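Notes for the one structure printed next.
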Amino acid sequence: MDIEQILEERIFEALTALFGKRPESLQIQPTNVEFEGTHTLVCFPISKIAGKGPEETARLIGEYLLQHAGIVSKFNVVKGFLNLSLSDATWLQVFGNILSSPQYGVVPPSGKEIMVEYSSPNTNKPLHLGHLRNNFLGHAVAKIYEALGYKVRRVQIINDRGIHICKSMAAWKNFGKGETPASSGLKGDKLVGKYYVEFDRAYKSEIKALEEKGVSKEAAEKEAPIMKQAVDMLQRWEAKDPEILSLWKMMNGWVYEGFEATYRRMGVSFDKLYYESQTYLLGKDEVLRGVEQGVFFKKEDGSVWVDLTSDGLDQKVLLRSDGTSVYMTQDIGTAILRFRDFPNIEGQVYTVGNEQEYHFKVLFLILNKLGYAWARKCYHLSYGMVDLPSGKMKSREGTVVDADDLMAEMAEEAARQTQELGKIEGMTDSDLNALSEMIGLGALKYFLLKVDPKKRMLFDPNESIALQGHTGPFIQYTHARIRAILRKAAERGMHVDPGMKVNATVLDPSERAVIAKLYQYPAKVLDAAQTYSPAVVANYAYELAKEYNQFYQTIPIFSEEDPARLQLRIAFSNCVGDVLKKAMGLLGIDVPERM
RNA sequence: GGGCCUGUAGCUUAACUGAAUAAAGCAUCUGACUACGGAUCAGAAGACUCGGGGUUUGAAUCCCUGCAGGCUCACCA
């Protein structure tokens, strides 16, 4: 049942009957809270057609609708705005539809398929706050598309080769004394990260020593023994030196184990992992094919370029003069490989920070030039940096917020506040632990997802850890309270099932408001998908919880004497709980039965 | 220098496919548990939507311009 569409049809009928003509489209918008009604028709554009003033036009339409439309029960006119109230019967019908569809807001599988890439870290450093935003965003977008009937393929590309990992290897070899995650008790990614830092320290002191001997800065940067060692390792890696390969495999293995633990706690997962070490050569063939087709061109020195000046960009190198690949080449190869691996996907969503906007613009243009029609369906889900109150996160200054530490702190804070409120009598330690995890992670995920992805955001630790106000735990709390009501109802023998008939005929304004909010859910999910913005769902869940809390505070449910109205309130609390759970589920956030 | 993005109460955010007195949260102040869970609710106070022009019956929203901040423009990844 599409209220907007029905209303639109009725209004068109009214316009034809009243004025003999109708505009192409209507402007119907939600009524501002200070006025009575839910839908507002903006009459300024219509008044021209009607040949009457906006107010009179609005009044005429309102009267016509009241008499003929059926679903309109009241109207008022403010300036050129026609505010309409729909009848309780209409709202009850809307609610009946929601109640009777357990899959409300979920589209059955459509056969469509899409790929979402997120995370994609380097393997020399542990995951940090920025990765959390990335992973939560990608994971949420994947969930949202699933709700719209898509089969979603979650992937990431792991940057497992290159000079950065060789730096950690060189430092470990020099200073590690055979240290392993097992011997040190450190998580694998932390251990490798430690040696990356170690490299930097040793490198700097070597440069300083050389400079003191009178070597120029530039020469010192190249001559520093540990850097020479790292470069040497990279060359030997490319030559498939078995000793280097086994060291590389061992250290990357540590990192993957460490990452895996972090992903598990974050609640994200992947269907397939791509490794640059396995894909970096693949783009080269495509680029050479492009040269044959005349899409790219070769310079005298042998380097290959693409000319994007006609697209308002410049020329980009695709193969170095020595024939080796650059980053772009790899990404071309990886994209094509993915479409071969998953032939049914209609497109790819790349969850990557906004510093790579130019890169993706170029990548998609190149894929298009190579003749891949799916290039148009590739989307760069670009998101802004996460700043700290002290400014940008900088690893050099040690201001990076570690993902594991942050999740642990959030769970601890949740545990502390839960204890303080003392509502969890009789819970076992393991239940309590799971609850703290749910609330802490819920607060963190919600905090990072409620902001429009494309905006740069500020991460204030004090604010992120708050559990009141516009937060995840606020919504979790609303859900828990609804579940408590349903338990009480069940004790009294009242149950909710989708097939039940709602006998109530009258609604309280606060009930109407909640039903109107519930009704918006599918449209919000669609909007979130089309704009690749989980923030839409996050803000919706908050609005629904807030609307319900207002109802809850004004209407004592169980003191209602009319059984039909009591039944309605139980049923509708149940629906709100379900939608909150679903909406939060799309964000990767669980909701508790009690808290 | 070229390109892209952002600028909204003290702070963090909504609204950005043009509409009414710009909507919330935090912080501040005032109220509400003999009632279903106060991690809640009600109320007060708080904004010339960065500045200046323009289009429009109507601009936070669209156009031009200036200012501030960010990202980017490698034979790096």
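The basis for the numbers below is simple: all heavy atoms, side chains too, and nothing from hydrogens, waters or symmetry mates. Note that this is a predicted model, so its numbers are computed, not measured.
Distance check on atom C1': B:C50 versus B:G38 gives 40 Å, rounded to whole Å. Spacing between B:G43 and B:U57 at atom P, rounded to whole Å, works out to 38 Å. Using C1' as the reference atom, B:U28 and B:C36 are 32 Å apart when rounded to the nearest Å. For the P atom pair drawn from B:G70 and B:G10, the interatomic distance equals 23 Å after rounding to whole Å. As rounded to the nearest Å, B:U8 and B:U72 have C1' atoms that lie 26 Å from one another. Across the C1' atoms, B:C76 and B:U56 are found 50 Å apart, a figure rounded to whole Å. Straight-line distance between the P atoms of B:A44 and B:C5: roughly 39 Å, to the nearest whole Å. A gap of 12 Å separates the C1' atoms of B:U49 and B:A23, to the nearest Å.
Side-chain to base pairing of A:N83 with B:A20: one donor and one acceptor N or O lie within less than 3.5 Å of each other.
As judged by a 4.0 angstrom heavy-atom cut-off over every strand, A:D452 is placed among residues touching the sugar-phosphate backbone only. Using a 4.0 Å heavy-atom criterion, one finds that A:M595 contacts the bases of the nucleic acid, with or without backbone contacts as well. Using a 4.0 Å heavy-atom criterion, one finds that A:L458 contacts the sugar-phosphate atoms exclusively. Across all strands shown, A:N549 has heavy atoms under 4.0 Å from sugar-phosphate atoms exclusively, and none from any base. The residue A:F81 sits close to a base: some heavy atom pair falls under 4.0 Å. Residue contacts for A:V78: at a heavy-atom cut-off of 4.0 Å it reaches a base atom on one of the strands shown. Counting non-hydrogen atoms under 4.0 angstrom, A:P592 reaches nothing in the nucleic acid. At the heavy-atom level, A:Q417 lies nowhere under 4.0 Å from the strands shown. Contact annotation for A:V451: backbone-only contact, meaning every heavy-atom pair under 4.0 Å involves sugar-phosphate atoms and none involves a base.
Put simply, A:Q330 has no side-chain N or O that comes within less than 4.0 Å of OP1 or OP2 on B:A77. Using a 4.0 Å cut-off, some side-chain N or O of A:K455 falls inside it from OP1 or OP2 of B:A14. Not one side-chain nitrogen or oxygen of A:K316 sits closer than 4.0 Å to the OP1 or OP2 atom of B:A74. Residue A:K79 has a polar side-chain atom (N or O) positioned under 4.0 Å from OP1 or OP2 of B:U21. Between B:A77 and A:R320, a contact under 4.0 Å exists linking OP1 or OP2 to a side-chain N or O. Proximity of A:K454 to the phosphate of B:C4: no side-chain N or O atom is located under 4.0 Å from OP1 or OP2.
A distance-only check finds a donor-acceptor pair linking the side chain of A:T418 to the backbone of A:A414 [under 3.5 Å]. Formation of a donor-acceptor pair under 3.5 Å by the A:H359 side chain with backbone atoms of A:M328 is not found in this model. Of the possible donor and acceptor atoms, none in the side chain of A:T329 sits under 3.5 Å from a partner among the backbone N and O of A:G283.
A:V77 has its side chain out of reach of A:N83: every pair of non-hydrogen atoms, C-beta onward, lies at least 4.5 Å apart. Side chains of A:V514 and A:Y552 form no contact here, defined as non-hydrogen atoms less than 4.5 Å apart.
Remark: P of B:G37 and CD of A:E593 are 14 Å apart, rounded to the nearest angstrom. In this structure, A:Y477 atom OH and B:G38 atom C1' are separated by 6 Å, rounded to whole Å. At whole-Å resolution of the value, CD1 in A:I28 and C1' in B:U17 are 15 Å apart. Rounded to an integer number of Å, the gap from A:L318 CG to B:A74 P is 13 Å.
Pairing for B:A42 goes to B:U30, judged as Watson-Crick or G-U wobble with the two contacts each under 3.5 Å. Pairing for B:A20 is absent, with no Watson-Crick or G-U wobble pair whose two atom distances lie under 3.5 Å. If you check B:A60 for Watson-Crick or wobble pairing at under 3.5 angstrom, you find it has no partner at all. Both distances falling under 3.5 Å, in either a Watson-Crick or a G-U wobble arrangement, occur for no nucleotide opposite B:C48. B:A68 is paired with B:U6 under the Watson-Crick or G-U wobble criterion, all donor-acceptor distances under 3.5 Å. When Watson-Crick and G-U wobble pairs are counted only if both distances are under 3.5 Å, B:G1 pairs with B:C73.
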Only pairs under 3.5 Å count here: list side-chain donor-acceptor contacts from residues 571-580 of chain A, not counting sequence neighbours, and write none if there are none.
{"from": "A:S573", "atom 1": "OG", "to": "A:Y548", "atom 2": "OH", "distance (Å)": "2.8"}
{"from": "A:S573", "atom 1": "OG", "to": "A:R569", "atom 2": "O", "distance (Å)": "2.8"}

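Contact check on A:E420 versus A:R416 returns a salt bridge, with a Lys/Arg side-chain nitrogen under 4.0 Å from an Asp/Glu carboxylate oxygen. Using a 4.0 Å cut-off between charged side-chain N and carboxylate O, A:K546 and A:E543 make no salt bridge. Between A:E36 and A:K74, at least one side-chain nitrogen of the basic residue sits less than 4.0 Å from a carboxylate oxygen of the acidic one, meeting the salt-bridge criterion.
Counting only heavy atoms from C-beta on, A:Y327 has its side chain closest to B:A77 among B:U12, B:G37, B:A77. Set against B:G37, B:C41, B:A14, the side chain of A:A480 has B:G37 as its closest nucleotide.
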*Letter per nucleotide, 5' to 3', of nucleotides 22-36 of chain B [B base touched, S only sugar-phosphate touched, - untouched; heavy atoms, 4.0 Å]*: --SSS---------B

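Between A:P30 and A:K48, the residue anchored nearer the 5' end of RNA chain B, judged by the nucleotide with its closest heavy atom, is A:P30. Nearest-nucleotide positions on RNA chain B for A:E276 and A:D460 put A:D460 closer to the 5' end.
Residues satisfying the side-chain contact (heavy atoms from CB on, under 4.5 Å) test with A:L441, not counting sequence neighbours, are A:M407, A:E437, A:K445.
Aromatic stacking is not marked for A:Y358 over B:G3, as the cut-offs of 5.5 Å for the centres and 30° for the planes do not both hold.
Ring centroid separation for the pair A:Y350 and A:Y379 does not come in under the 6.0 Å cut-off.
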